[in-house]
Amino acid sequence: MGKIRITQIKSTIKRPKDQKATIVALGLGKINKSVEIESNPAIAGMVRKVSHLVKVEEA
């Protein structure tokens, strides 16, 4: 499907445990950290769950 770059832009402080776990599963954890991941339906669902905490762009 293609690669996407995901960057965490907000903190996970005072967020539900499932959102914190999703951020860690995506390979993030600190503000301004970025990862490049192959896009697939599972990753898209994870990004949608924490869309208010991350920025997504095509890689």
Side-chain angles (χ1 to χ4, degrees):
M1 289 187 147
K3 286 193 171 242
I4 57 172
R5 179 187 307 266
I6 305 169
T7 306
Q8 183 175 349
I9 56 170
K10 289 191 177 179
S11 173
T12 57
I13 294 174
K14 291 192 177 181
R15 301 291 176 186
K17 287 183 183 179
D18 60 335
Q19 289 179 9
K20 290 181 184 182
T22 302
I23 289 289
V24 172
L26 286 170
L28 303 171
K30 293 187 177 199
I31 295 175
N32 290 327
K33 184 172 181 181
S34 295
V35 293
E36 283 192 19
I37 303 177
E38 279 292 325
S39 180
N40 62 47
I43 297 296
M46 294 168 76
V47 168
R48 192 168 36 252
K49 187 169 193 172
V50 293
S51 62
H52 56 290
L53 303 175
V54 298
K55 176 177 72 171
V56 181
E57 49 197 23
E58 292 294 322

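With rounding to the nearest 0.5 angstrom, the NZ atom of K55 is 8.0 Å from the CG atom of N32. Atom NZ of K20 sits about 11.0 Å away from atom CG of L53, to the nearest 0.5 Å. H52 NE2 to Q19 CD: the interatomic distance, rounded to the nearest 0.5 Å, is 4.0 Å. With rounding to the nearest 0.5 angstrom, the NZ atom of K49 is 10.5 Å from the CG atom of L26. Atom CD of Q8 and atom NZ of K33 lie 9.0 Å apart (nearest 0.5 Å). Atom CE of M46 and atom CD1 of I6 lie 8.0 Å apart (nearest 0.5 Å).
One hydrophobic cluster, built from ILVMFWY side chains closer than 4.5 Å, holds both V35 and V50.
The two residues I4 and S39 come nearest to each other via the heavy atoms CG2-CB, 4.1 Å. Shortest non-hydrogen contact noted between S34 and T7 is OG-OG1, 2.7 Å.
Other residues, nucleotides and ligands contribute over 12 non-hydrogen atoms within 6.0 Å of the NZ atom of K3.
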